[in-house]
Amino acid sequence: MKTALIIGCNGQDGKITRELLSQRGYGLVCIDKDYVGTHGVTFNKKTDIEDFAAVVDLVRAIKFDEIYFFAAYHNSSQEKEKDKQTLFKRSYAINVYSLFNFLEAIRLHSLTTRLFYAASSLIFADTEDAIQNEETSFKPNCIYGITKINGLMLCRLYRSKYGVFAATGILYNHESEYRTEDFLSKKIIKTAVDIKKGLKTSLTIGDLNAEVDWGYAYDYVDAFTKIMSIDEADDFIIATGVKHKVLDFVKTAFNYLSLDWSKYVQEDKSIIHRKRKALVGDYSKLNKRTGWAPTTTFEQMIKSLIEKEGKNSDGSK
């Protein structure tokens with residue numbers, strides 16, 4: 001039986017990875033803030049990922065086949081910026097230093113362990129390139145993007161210098177029913193469903209013309225696992241290569257619910273605290289190395305999100 005550690009297991013990607021690997025018969029240790037859960041593995045000690053000694057104890061004790069590092073600290077574009085000192089310190093503590101703890105623990109005690117690090121398309125935030133690939137120059141414009149570059153570079157260092165299998169996924173926007181309401185996709189879907197049920201009467205969007213490369217999180221998690229199965233670790237863009245306007249997302253969601261979006265949706269640019277460029281990823285390198293390509297269309301993704309939101313809001317799972 002293979003064993004895997006999922007760090008940040010209560011976030012979107014962590015939850016879906018947990019579901020997928022448990023279906024595949026993995027033994028799992030899943031950790032998050034003040035949480036530890038297991039499946040087929042005996043381990044119930046809470047592990048602070050910022051505590052190097054605790055991380056070493058965990059990795060040395062179980063010698064996982066795979067580690068998925070999804071833990072992250074960040075601000076959304078519609079969320080007021082946190083105190084800068086707190087944002088800086090916590091971003092580095094979670095996105096970089098905690099990753100170092102696991103890479104070093106692997107180097108010291110479990111060189112057969114494979115690690116996947118979730119980076120972000122925001123490492124390219126201010127790029128002039130219409131489509132980005134793995135050779136695109138880094139151009140972040142926020143501390144989150146900067147720390148994700150640092151994490152990616154740490155993985156490169158441990159690959160080249162120490163022989164650690166440390167792969168990086170440069171993730172573009174990807175959605176599922178597990179998104180929280182500070183994410184635009186969830187806000188649109190939940191509000192549309194609530195309007196259909198008569199629970200709300202309007203939806204306010206910051207920028208209907210903003211463009212996004214949107215994928216389905218279940219497709220992306222499949223990519224994570226394919227990356228973990230290749231011979232040599234590397235950095236890979238995980239994206240769809242197609243961009244859609246926020247208005248496209250709104251229209252598709254409301255049309256599926258037989259609602260006239262124009263009667264309910266209003267735009268208020270003041271709720272956007274940070275403007276973002278349209279980022280579109282080229283996943284051809286990943287496709288060549290693993291055969292991966294997105295299988296869920298934009299419209300299919302939105303249909304699935306609406307159906308799952310409707311079930312969950314009715315109290316069913």
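Note that the structure is a prediction, hence the values are computed from the model and not measured.
- Nearest approach of N150 to Y92, heavy atoms of both residues: OD1-OH, 2.6 Å.
- Residue-environment remark: CG (D268) exceeds the threshold of 12 foreign heavy atoms within 6.0 Å.
- A donor-acceptor pair is defined here as one N or O able to donate and one able to accept, closer than 3.5 Å; no such pair exists between the side chain of T204 and the backbone of Q266.
- Judged purely by atom type and a 3.5 angstrom limit, E175 has no side-chain atom pairing as donor or acceptor with the backbone of K186.
- Closest non-hydrogen pair, A105 versus V55, comes out as CB-CG1, 4.0 Å.
- Under the salt bridge (Lys or Arg N to Asp or Glu O under 4.0 Å) criterion, the residue pairs touching residues 96-123 are E104-R107, with sequence neighbours excluded.
- Checked against side-chain hydrogen bond (donor to acceptor under 3.5 Å, both in side chains), D222 has the following partners two or more places apart in sequence or in another chain: K226.
- When each of N133, D234, T290 is checked for a side chain to side chain donor-acceptor pair (under 3.5 Å) with K285, only D234 meets the rule.
- Taking the side chain as every heavy atom from C-beta outward, L257 and I195 never approach each other to under 4.5 Å.
- No single ILVMFWY cluster, assembled from side-chain heavy atoms under 4.5 Å apart, contains both I131 and F298.
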Check: What do the steps show when you test F138 against L152 for side-chain contact (heavy atoms from CB on, under 4.5 Å), and what is the final call?
Finding: CA-CA 11 Å; F138 301 144; L152 183 151; 4.0 Å; yes

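- Residue pairs meeting the side-chain hydrogen bond (donor to acceptor under 3.5 Å, both in side chains) criterion with at least one member in residues 241-251, sequence neighbours excluded: E211-K243.
- For residues 115-133, the pairs satisfying salt bridge (Lys or Arg N to Asp or Glu O under 4.0 Å) are E128-K277, with sequence neighbours left out.
- Side-chain contact between F64 and V29 is present, with at least one heavy-atom pair separated by less than 4.5 Å.
- With contacts defined as side-chain heavy-atom distances shorter than 4.5 Å, the pair R289/E232 qualifies.
- Between the side chain of N101 and the main chain of I49, a donor-acceptor pair closer than 3.5 Å is present.
- Side-chain atoms of E50 do not come within 3.5 Å of backbone N or O of A93 as any donor-acceptor pair.
- Proximity of K187 to T191: side-chain heavy atoms (C-beta onward) are separated by under 4.5 Å at one or more points.
- Interatomic distance, D83 CG to R90 CZ, rounded to the nearest 0.5 Å: 13.0 Å.
- Contacts classified as side-chain hydrogen bond (donor to acceptor under 3.5 Å, both in side chains) and involving residues 26-36 (residues at least two apart or in different chains) are given here: R18-Y35, Y26-E66.
- The side chain to side chain contact (heavy atoms under 4.5 Å, CB included) test with Y220 singles out one residue from T296, N173, I16, T240, and that residue is T240.
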Checklist line | Worked check of side-chain contact (heavy atoms from CB on, under 4.5 Å) between I106 and Y158 | finding: CA-CA 10 Å; I106 290 169; Y158 272 78; over 6 Å; no

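- Put simply, OH on Y73 and CG on L87 are 6.0 Å apart, with the number rounded to the nearest 0.5 Å.
- Contact annotation: the side chain of W214 approaches that of V246 to within less than 4.5 Å [non-hydrogen atoms, C-beta and beyond].
- At a threshold of 4.5 Å between side-chain heavy atoms, the hydrophobic network of Ile, Leu, Val, Met, Phe, Trp and Tyr places F88 and F100 in one connected group.
- Considering CD1 of I143 and CG of N95, their distance stands at 9.0 Å, rounded to 0.5 Å.
- Panel note: side chain K63, backbone R60; a donor-acceptor pair is recorded below 3.5 Å.
- The pair D235-R159 meets the salt-bridge criterion, with a side-chain N (NZ, NE, NH1 or NH2) lying under 4.0 Å from an Asp/Glu carboxylate O.
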Checklist line | Check against side-chain contact (heavy atoms from CB on, under 4.5 Å), N141 and R276 | finding: CA-CA 9 Å; N141 63 6; R276 289 180 177 172; 5.7 Å; no

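- With hydrogens and angles ignored, the 3.5 Å screen pairs no side-chain donor or acceptor of D282 with any backbone N or O of Q132.
- Side-chain contact of Y216 with S304: a donor-acceptor pair under 3.5 Å is present, judged by distance alone.
- Between F224 and the choices F236, F70, Y68, the ring-ring contact (aromatic ring centres under 6.0 Å, His included) rule is met once, by F70.
- Scored by the ring-ring contact (aromatic ring centres under 6.0 Å, His included) test, W261 finds no partners at all (sequence neighbours excluded).
- Atom CD1 of I31 and atom CD1 of I6 lie 10.0 Å apart (nearest 0.5 Å).
- Residues W292 and I238 form a side-chain contact, since some pair of their non-hydrogen atoms from C-beta on lies under 4.5 Å apart.
- Heavy atoms from other residues, nucleotides or ligands lying under 6.0 Å from NZ of K269 number more than 12.
- Side-chain contact between F254 and L203 is present, with heavy atoms from C-beta onward closer than 4.5 Å.
- Checked by atom type and distance alone, the side chain of S22 pairs as donor or acceptor with a backbone atom of E19 at under 3.5 Å.
- Note on Y162: it clusters hydrophobically with V59, by side-chain heavy-atom contacts below 4.5 Å among ILVMFWY residues.
- A heavy-atom distance below 4.5 Å is not found between the side chains of K303 and I306.
- V56 is not connected to L58 by any chain of hydrophobic side-chain contacts under 4.5 Å among Ile, Leu, Val, Met, Phe, Trp and Tyr, and they are in different clusters.
- Note on ring orientation: taking the six-membered ring where Trp is involved, the planes of F102 and F69 are perpendicular (angle over 60°, cut-offs 30° and 60°).
- Nearest heavy atoms, M301 versus G215: SD-O, 3.1 Å.
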Note to self: Using the rule given for side-chain contact (heavy atoms from CB on, under 4.5 Å), can you reason through C155 versus L99, listing the C-alpha separation, both sets of side-chain angles and the distance that settles it, and then say yes or no?
What the structure shows: CA-CA 9 Å; C155 288; L99 171 65; 4.2 Å; yes

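- Taking CG of L28 as the start and CG of L21 as the end, the distance is 5.5 Å to the nearest 0.5 Å.
- The aromatic rings of F124 and Y172 are tilted relative to each other, their planes meeting at an angle between 30° and 60°.
- By the 6.0 Å contact criterion, NZ on K46 is open, its count of non-hydrogen atoms from other residues, nucleotides or ligands being 12 or less.
- F52 and L157 fall into different hydrophobic clusters, where Ile, Leu, Val, Met, Phe, Trp and Tyr side chains are chained together by heavy-atom contacts under 4.5 Å.
- Distance check, rounded to the nearest 0.5 Å: OG1 of T38 to CD1 of I62 gives 9.0 Å.
- Looking at every heavy atom in both residues, L171 comes nearest to A118 through CD1-CB, 3.8 Å.
- In this structure a side-chain-to-backbone donor-acceptor pair under 3.5 Å is present from D213 to G281.
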Note to self: Pair Y256, E307 - check side chain to side chain donor-acceptor pair (under 3.5 Å), show working.
What the structure shows: CA-CA 10 Å; Y256 184 71; E307 291 176 348; 2.7 Å; yes

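- Under a 3.5 Å cut-off, the side chain of D65 and the backbone N or O of A4 do not form any donor-acceptor pair.
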